[in-house]
2 protein chains.
Amino acid sequence: MTKSNSIQEILIVEDQHLMRLALVQEMQAALPLSIVHATATMTSALEQLRRVPFALVVIDPGLPDYDPRSENDRMTVIKTIVERSPTAIHIVITGSDSEKEWEACRTMGVAGYIAKNSLKPGTMSTILERISDHGYCVGIMHETSVAPEIYHTALSPREQEVLAWMMQRPAGVSRKEIYDQLGEHMSIDAASAERYYKRAKAKLLKSGQLPDSL
Amino acid sequence: MTKSNSIQEILIVEDQHLMRLALVQEMQAALPLSIVHATATMTSALEQLRRVPFALVVIDPGLPDYDPRSENDRMTVIKTIVERSPTAIHIVITGSDSEKEWEACRTMGVAGYIAKNSLKPGTMSTILERISDHGYCVGIMHETSVAPEIYHTALSPREQEVLAWMMQRPAGVSRKEIYDQLGEHMSIDAASAERYYKRAKAKLLKSGQLPDSL
DNA sequence: TCAAATAGGGACAAGGTTGTCACTTTTGCG
DNA sequence: CGCAAAAGTGACAACCTTGTCCCTATTTGA
């Protein structure tokens, strides 16, 4: 009687700890009502698939005991998992993507094929939307953001974000315009965004870490 | 006059957004006084190296415009970055590690060589310690934790952590012993750890998500 | 030169997290 | 049965984050 409610169960199969954690967080942000399971090996993944009726499975084909360079091994991983969870939606997230591999995945029912270096924080909900709208979603656009990022320990997430936007401000754009954009982007008052920027600067000043672009 | 204080500047070169963010967080946790810069491309990295005197540089050799499978390209990336930051400590973090590559890295002055799937959250401080103690640190131990993880959105980080420990409790070990371990691990009262566990269970009960191992 | 933009603050309510304390109810089991 | 160990709750202070409101100097630019 413990299960049988309508909460979605999600499985993430990824061998790199940090990436696994990041994927979990992205999923939780995109589907706040879900329970996210995560595992690092094929055997453990199959074990989980046997026990739990997952609605969504995320697969990284580069697992231990399988050669990530062997197209054969990679497809074996994907195929095995897809076969053992026929009712689930499948998303492949890979470090080395190829058009050919996506074709192969599609024929076996995979809905999403995303390159790791095109997967940005906060994008997961868009991916899921596209899958439910068009039936599939491919993300292989290597647009590689050029702007370097700076992170200060003393700042809260909001302050970080506001500062990041401000530092990317193109010449000739007033700060006020950025505040407006920010306000709209995170649906708060533009004045509040301004306040965040000022608090961020104050903190950096106090801790003696004001960057060149102050 | 803006810089010239003793705050450490760190550069992270990694093309996968999520991994880059994760590495930033690990670094911030290990070195709370640092300023962490992060970038995704070689050109941007070289730009940063020219501007800022970094004390520590983290490199993922698999960058855009370089073939991650070509040993030659990988070493070019590493060599170029090391040469342009002679005074910094260098750590290579790679998705596909090899003993041979580590040898090559060592001869050019790289201090750390860590496989991505052996890099666990919270390990960064240990890595840095070992580097400062022994001069180098290699992490290629593929111990692949077997235990599947479960993440519930409703729980706070502490509650997550306590629950994770409890779910890995070997048969025959009393909960109390786990509380003690936890208390020591996160330097709080064992009784508080107990309280966390209980609150976590209460939350899961209320939201109807109690797992099988209740 | 006068208005708009920028810089620098103080204060506050609402809500979540962390770490404690004290108290009640259920179990297990000799 | 009876009692100790284990499990389940309520409350709370300290702290941080978020989003607001309001106030005053200084700089800039049309």
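Chain naming here is simple, since letters A, B, ... match the order of the sequence lines and numbering starts at 1 in each.
- When each of B/Val138, B/Ile93, B/Thr94 is checked for a side-chain contact (heavy atoms from CB on, under 4.5 Å) with B/Ile114, only B/Ile93 meets the rule.
- Comparing A/Ala154 and A/Lys198 against DNA chain D, the residue whose closest nucleotide sits nearer the 5' end is A/Ala154.
- Residues that satisfy the side chain to side chain contact (heavy atoms under 4.5 Å, CB included) test with B/Gln16, not counting sequence neighbours, are A/Met19, A/Lys116, A/Asn117, B/Glu14, B/Met19, B/Lys116.
- A donor-acceptor pair under 3.5 Å is formed between the side chain of A/Tyr113 and the backbone N or O of A/Ser98.
- Remark: P of C/dA7 and CG of A/Leu205 are 12 Å apart, rounded to the nearest angstrom.
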Salt bridge (charged side-chain N to carboxylate O under 4.0 Å, His left out) assessment of B/Arg20 paired with A/Glu149: CA-CA 10 Å; B/Arg20 187 166 67 245; A/Glu149 303 149 13; 2.9 Å; yes

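- Applying the salt bridge (Lys or Arg N to Asp or Glu O under 4.0 Å) test to B/Lys198 and every residue at least two apart in sequence or in another chain returns B/Glu194.
- Scanning for side chain to side chain contact (heavy atoms under 4.5 Å, CB included) contacts around B/Glu184 gives an empty result, with sequence neighbours left out.
- Across all non-hydrogen atoms, the minimal contact from A/Pro64 to A/Ala40 is CD-O, 3.7 Å.
- Nearest heavy-atom pair, B/Met27 versus B/Val36, reported as atom, atom and distance to 0.1 Å: CB-CG2, 4.3 Å.
- One atom, OH of A/Tyr179, and another, C1' of C/dA5, lie 10 Å apart when rounded to the nearest Å.
- At whole-Å resolution of the value, CZ in B/Arg199 and P in C/dT20 are 12 Å apart.
- Contacts with DNA chain C (heavy atom under 4.0 Å) in residues 183-196 of chain B: B/Ile188, B/Asp189, B/Ser192, B/Arg195, B/Tyr196, listed by number.
- Between B/Tyr197 atom OH and C/dT20 atom P the separation is 20 Å, expressed in whole Å.
- Using modelled atom types, no side-chain atom of A/Ser125 and backbone atom of A/Leu31 make a donor-acceptor pair closer than 3.5 Å.
- Taking a 4.0 Å limit (strictly below) on heavy-atom distances, residues 156-178 of chain A reaches DNA chain C at A/Ser174, A/Arg175, A/Lys176.
- The closest donor-acceptor contact from the side chain of B/Ser34 to the backbone of B/Glu9 lies at 3.5 Å or more, if one exists at all.
- A/His37 and A/Phe54 have their aromatic ring centers within a separation under 6.0 angstrom.
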Which atom pairs link the protein and nucleotides 27-30 of chain D when you take only N or O atoms and keep those under 3.5 Å?
none

